[in-house]
Amino acid sequence: TMEKDLLYPVTNAYREDQKLDGLWDFKFDPASEGEANGWPTGLEDPIKMPVPASFNDFFTDKDAREYTGDFWYLKKFFVPNYFEGKKVGIRFGAATHRAKIFVNGQEIRSHEGGFLPFTADITDAIKLGEDNVVAVKINNELHRDALPAGDTITLKNGKKMAKPFFDFYNYSGLNRSVHLVAIPKENIEDYSTTYEVSNDQATVHYSVEADSNADVKVSLADEDGHVVATATGAEGDLVVENPTLWQVRDAYLYTIKIKLVQGGTVVDEYSDEIGLRTIEIKGHQILVNHKPVYLKGFGRHEDSIYAGRAFDLNVERRDLNLMKWIGANSYRSSHYPYDEQAYKFADREGILITDEVPAVGFKMAAASFLGGLDQSFFDGDWIDDLYKKHIDQVKDMIKRDKNHPSVLAWSLCNEPDTSSDSAVPYFTKLFNDSADLDPEKRPRTFTLNEDDTFETSKCLKFPDFYLLNRYPGWYHKWGYEISDGEAGLRAELDEWQKSDIDKPIVFSEYGADTEPGLHKLPSIMWSEEYQIELLEMFNRVFDSYDFIRGEQPWNLADFQTVEGNMRVNGNKKGIFTRDRQPKAAAFYLRKRWNSLPLDY
Ligand SMILES: CCCN1C[C@@H](O)[C@H](O)[C@@H](C(=O)O)C1
């Protein structure tokens, strides 16, 4: 059925993709009375709410901005007669954090997880040639047994409040586009590719899944539209002579076109852009097309003013230009899978992405000002329920993103509490259950924070390469004490160096909150000078160890968080401001990164 189909929608001679973006009716449902009171077919006194967008920052009153609980979106949509005989669905790019879908008052399906797509199969609920109505009941509460982890409390005044165990604002709503899709009854459900490349030849091993026993015909065209290889069968090889490989910061995309042919007639077609490249970890090197790559880039957030967590193509265009300007070649989709368009964009721009599931907050929140737990997260009684959601979202992330050349690796968790024995069985299961999900077998990893050092972590055998989040100079040994911070960092890396571990280390987080325009000589924390001094310290350390194969400071840009006595209208560790203008550190990093050779 369509409900397991994660292929990105396309319009062609057999398929239709219509966006339902724009203004929807919106209404909070604090008493959770909507289902029993006819809200699936109409909302009383609704407000007009943009989609895609988080609802939070549009409001002027705090109760609305901070609203936690149930809330509804509703929209009329027309179904044309020519959808007759097709499978018809509504595909949500994301509904944060969980949703129940109704069409014409009929409950269609529910979905858990606010950062991955799902399709409601509405074939049997629609009226052809007429207006129909879709209603979406969303809930944005946080729980310890859900992703991202947190709590929801009820204040004495009866209002609910989200308490994240993570450092980004709980922006909620229909944060990504909504598509009305129509596909043939006999349809292509999924495809995957793996690669072998050399300079004079590349082989694309493909496999196609279809809800049909029709014949499969596959072709591969170059950027000029010339067909360079063809094959038949649900599985097969496309061999390309003298290929143009997809390279980091030098992308080249081929178009794979898959057809289902029944008795000589084409019944379905799906095409997509792919990159001919391989990813390997060899010793302490990360290799793309058998050549070492040194990662330069950032942790990011899908975050901007007005739209909150909504994917915004304008912001993405600007962010990719900033990354090219500064000499970056990679980023981590911290702390959740981003909108599909981000990966398509990175495919085109030759940027490598470490793709991360929203398994964040699975530990005493690093800085307890977030009000996290003060126990080992994995001793909780919520772990079994949590794991089901965790592996489900790992499966969907890999199924959704597996065909992007930009995807370098999978980050299965952000800063779990790996220094406790109870983490080991959890990670054993997680790495066993995710071992075969990616046909390309790309590296799997998770980030290790200050408590999870070479000595203390019990889970160092799992990752294929290491992502270290380290904050000397900010959360400890800060200010004038930073020299001790450097000494501590070097001591830990000396341990890694002496060990028999022969895997790459990438620094996936380090940085300093910085108020743009604050200058001080000599520096103090929060000044632009201090942010540069902290980066200089880390870069001195990185240049001392050849197994460090990447530097991704936190964060590309300032972003919104919960309010707190350690946050000044959000997190200010951005190298750029939230409106994407450079702090002094941007010019420092640009100088460093543009002077490093590609295979540094
Ligand atoms: C070691 C803490 C991990 N890291 C997580 C990230 O989400 C936060 O924004 C960042 C910070 O506090 O700036 C810390």
Side-chain angles (χ1 to χ4, degrees), residues 115 142 147-150 162-171 297-303 309 331-338 354 356-374 377 411-419 423 445-453 456-457 459 466-478 485 488-489 492 505-515 525-526 530-531 534-535 538 551-578 583 585:
F115 300 94
L142 300 176
L147 292 74
K163 299 290 274 181
F165 295 168
F166 47 86
D167 190 34
F168 52 93
Y169 189 77
N170 190 39
Y171 280 122
F298 301 94
R300 294 180 66 197
H301 266 297
E302 281 184 326
D303 172 283
R309 185 100 31 241
Y331 66 84
R332 171 167 58 115
S333 72
S334 38
H335 294 298
Y336 35 77
Y338 291 1
T354 301
E356 184 161 284
V357 284
V360 58
F362 290 14
K363 78 179 287 113
M364 149 67 202
S368 58
F369 66 88
L370 283 172
L373 300 169
D374 55 5
F377 186 86
S411 171
L412 305 184
C413 211
N414 183 66
E415 292 170 14
D417 196 355
T418 66
S419 48
T445 182
F446 53 83
T447 63
L448 290 158
N449 105 328
E450 319 279 349
D451 310 328
D452 304 285
T453 63
T456 57
S457 177
C459 296
Y466 298 104
L467 295 176
L468 300 191
N469 293 355
R470 292 289 180 275
Y471 281 93
W474 193 256
Y475 286 118
H476 57 93
K477 304 278 187 293
W478 60 67
L489 196 54
E492 183 193 356
I505 286 183
V506 171
F507 272 76
S508 45
E509 282 191 36
Y510 53 101
D513 281 85
T514 302
E515 183 58 29
M525 293 168 78
W526 291 90
Y530 186 75
Q531 188 178 35
L534 181 132
L535 293 172
F538 274 89
E551 48 191 76
Q552 299 183 323
W554 191 255
N555 188 290
L556 171 72
D558 294 343
F559 59 91
Q560 196 53 266
T561 66
V562 294
E563 51 189 321
N565 52 22
M566 302 261 284
R567 289 285 171 264
V568 184
N569 185 18
N571 186 306
K572 291 295 180 11
K573 292 192 182 67
I575 301 299
F576 295 88
T577 58
R578 198 174 184 212
K583 299 177 190 174

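As the structure lists them, so they are numbered: ligands from 1, and atoms in each ligand from 1. Note that the numbering runs from 1 along the sequence shown for the chain.
At a heavy-atom distance under 4.0 Å, no atom of Glu450 approaches ligand 1. With a 4.0 Å heavy-atom cut-off, ligand 1 is reached by the side chain of Tyr475 but not by its N, CA, C or O. At a heavy-atom cutoff of 4.0 Å, ligand 1 is contacted by the side chain of Trp554 but not by its backbone. When heavy-atom distances to ligand 1 are checked against a 4.0 Å cut-off, Tyr510 has no atom that comes that close, whether in backbone or side chain. Proximity of Asn571 to ligand 1, defined as any heavy-atom pair under 4.0 Å, is confined to the side chain (atoms from C-beta onward).
Remark: distances from the non-hydrogen atoms of Phe559 to ligand 1 include one below 4.0 Å. Ligand 1 lies less than 4.0 angstrom from a heavy atom belonging to Tyr471.
At a 3.5 angstrom cut-off on N or O pairs, Asp167 counts as close to ligand 1. Taking any N or O of Lys573, backbone or side chain, at least one lies under 3.5 Å from an N or O belonging to ligand 1. At least one N or O atom of Arg567, backbone or side chain, sits closer than 3.5 Å to an N or O atom of ligand 1. Residue-to-ligand polar distances keep Asn469 apart from ligand 1: every N/O pair is separated by 3.5 Å or more.
Scanning both residues, Glu356 and Ser333, for their nearest heavy atoms gives N-OG, 2.8 Å.
Between the side chains of Arg578 and Asn569, not a single donor N or O lies within less than 3.5 Å of an accepting N or O.
Relative ring orientation between Trp474 and Trp526 is described as perpendicular, the plane-to-plane angle rising above 60° on a 0-90° scale split at 30° and 60°.
Checked options Asp303, Asn571, Val360; the residue passing with Phe168 is Val360 (criterion: side chain to side chain contact (heavy atoms under 4.5 Å, CB included)). For the pairing with His301, the ring-ring contact (aromatic ring centres under 6.0 Å, His included) check across Phe576, Tyr169, Trp554, Tyr171 returns one residue only, Trp554.
Ionic pairing of Glu492 and Arg470 is present here: one or more N-O contacts between side-chain nitrogen and carboxylate oxygen are shorter than 4.0 angstrom.
Below 4.0 Å from some heavy atom of His335 lie the following atoms of ligand 1, by number and element: 6 (C), 7 (O). Short contacts between ligand 1 and Glu509, defined as distances under 4.0 Å to a heavy atom of the residue, involve ligand atoms 3 (C), 4 (N), 5 (C), 6 (C), 10 (C), 14 (C).
Side-chain N or O atoms of Tyr336 include one that pairs as donor or acceptor with a backbone N or O of Glu302 at under 3.5 Å. No donor-acceptor distance shorter than 3.5 angstrom exists from the side chain of Arg567 to the backbone of Thr561, with no hydrogens or angles considered. Between the side chain of Gln531 and the main chain of Gly574, a donor-acceptor pair closer than 3.5 Å is present.
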